[in-house]
Amino acid sequence: MDISGTRSEPAPVTCAASECEPLELALVEGQAESRRWREQLERHHYLGCRVPFGAHLRYWVRNGEQDLACLLWTSPAWKMQARDAWIGWNDAQRRRNLQAIINNGRFLILPWVHVKGLASKILALSAHQLPQDWASHYGHHPLLLETLVDTSRFRGTCYRAANWIHVGQTTGRGRMDREHAAHGQAVKDIYIYPLACDARQQLCTD
């Protein structure tokens, strides 16, 4: 995507989190909205915007007409030792039930938005709305959310504030590292959020 053209940024949004309510999670729909959403990720997220693998939903986070953030939820990582140990499943159970997990692949608060506590409010709203949206699009209710936090850039504060659980770290291999060439690089913290009180038990069913 060509994002080389100059764009003026909106006026800064600086207020209390309560002043940004009600928050709305709006699904990205249509070619124009999709392009505009992708452009924000390419311009402002350090990982850019790759085409997602498999199932995914993209959102704008808004207050009225004001765009505040962009979210991407995708299919989960195939294997993560710390996550899998927390769940307690075996390989057969993982293969059978993996798609009951959703990965928070991108979370971008737009750079002109400076609202303390907003990120954790967005995560709480996502945990409430996302299961229904996912079921509507893909026919099954998720049981667990997961995300990876690059500790060289972020501390994971908003996830902890939203009651996500830190379960360990990755080995440093990304999804595209099929040859194990990147072992030990880009190690990230793993956070998970159960969507049901018996999420582990359900994920371990045969």
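The first residue of the sequence shown is numbered 1, and numbering continues consecutively from there.
- Taking 4.5 Å as the limit, some side-chain heavy atom of Ile109 sits within range of a side-chain heavy atom of Ile122.
- Between His166 and Tyr191, the shortest heavy-atom distance links the atoms CB-CE2, 3.6 Å.
- Around the CD atom of Glu21, the shell of radius 6.0 Å holds more than 12 heavy atoms that belong to other residues, nucleotides or ligands.
- For the atom pair CD (Gln81) and CG (Asp84), the distance works out to 8.5 Å, reported to the nearest 0.5 Å.
- By the 4.0 Å N-to-carboxylate-O rule, Glu39 lies close enough to Arg43 to be salt-bridged with it.
- Both Phe154 and Leu145 are part of a single hydrophobic cluster, where members link through side-chain heavy atoms under 4.5 Å apart.
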Item to check | Derivation and outcome, side-chain contact (heavy atoms from CB on, under 4.5 Å), residues Trp86 and Leu144 | outcome: CA-CA 12 Å; Trp86 183 88; Leu144 190 73; 4.0 Å; yes
Item to check | Step-by-step side-chain contact (heavy atoms from CB on, under 4.5 Å) determination, Arg83 to Ile101 | outcome: CA-CA 11 Å; Arg83 178 204 66 190; Ile101 302 176; 4.1 Å; yes
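- Side-chain atoms of Cys70 and Arg58, non-hydrogen and from C-beta on, never get closer than 4.5 Å to each other.
- Both Trp60 and Leu27 are part of a single hydrophobic cluster, where members link through side-chain heavy atoms under 4.5 Å apart.
- Counted by atom type alone, Asp189 and Tyr159 present zero donor-acceptor pairs between their side chains at under 3.5 Å.
- Side chain of Asn104 to main chain of Arg106: a donor-acceptor pair is present (N/O by atom type, distance under 3.5 Å, no hydrogens or angles).
- Stacking of Arg95 on the aromatic ring of Trp89 is not recorded, the 6.0 Å distance cut-off and the 45° axial limit not both being met.
- Side-chain heavy atoms closer than 4.5 Å link hydrophobic residues (I, L, V, M, F, W, Y) into clusters, and following such links, even through other members, never connects Trp164 to Leu143.
- A chain of hydrophobic side-chain contacts below 4.5 Å, direct or via other Ile, Leu, Val, Met, Phe, Trp or Tyr residues, connects Leu123 to Leu110.
- By the rule that hydrophobic residues join a cluster once side-chain heavy atoms approach within less than 4.5 Å of another member, Ile190 and Val149 end up as members of separate clusters.
- In terms of heavy atoms, Val167 sits closest to Ile192 at CG1-CG1, 3.6 Å.
- Ser120 places no side-chain N or O within 3.5 Å of a backbone atom of Ala162 that could act as its donor or acceptor partner.
- Side-chain atoms of Cys20 and Leu68, non-hydrogen and from C-beta on, do get closer than 4.5 Å to each other.
- Put simply, the side chain of Val187 does not reach to within 4.5 Å of the side chain of Thr171, judged on heavy atoms.
- Taking every heavy atom of both residues into account, Ala127 and Pro131 meet most closely at O-CD, 3.3 Å.
- Rounded to the nearest 0.5 Å, atoms CG (Leu118) and NZ (Lys116) are 13.0 Å apart.
- Nearest heavy-atom pair across Asn103 and Pro76 is CB-CA, 4.0 Å.
- Going from atom CD1 of Ile87 over to atom CD of Glu146 covers 8.0 Å, rounded to the nearest 0.5 Å.
- Shown here for Tyr59 and Asp133, the closest heavy-atom pair between the two residues is OH-OD2, 2.6 Å.
- Side-chain N/O atoms of Asn97 and Gln93 include no donor and acceptor closer than 3.5 Å.
- Side chain of Arg200 to main chain of Pro194: no donor-acceptor pair is present (N/O by atom type, distance under 3.5 Å, no hydrogens or angles).
- Considering only heavy atoms from C-beta on, Met80 comes within 4.5 Å of Leu148 through its side chain.
- From Leu125, atom CG reaches atom CD of Glu24 across 9.5 Å, with rounding to the nearest 0.5 Å.
- Here the shortest heavy-atom pairing between Val115 and Val13 reads CG2-O, 3.9 Å.
- The residues Arg36 and Glu33 are annotated as salt-bridged, a charged nitrogen and a carboxylate oxygen being separated by less than 4.0 angstrom.
- Remark: Cys49 SG to Leu108 CG distance equals 10.5 Å, nearest 0.5 Å.
- Summarising the geometry, atom CG belonging to Leu23 is positioned 12.5 Å from atom CZ belonging to Arg62; distances are rounded to the nearest 0.5 Å.
- The aromatic rings of Trp134 and His140 stand perpendicular to each other, their planes meeting at an angle above 60°, with 30° marking the opposite boundary.
- Within the 4.5 Å cutoff, the side chain of Asp150 has heavy atoms near those of the Tyr46 side chain.
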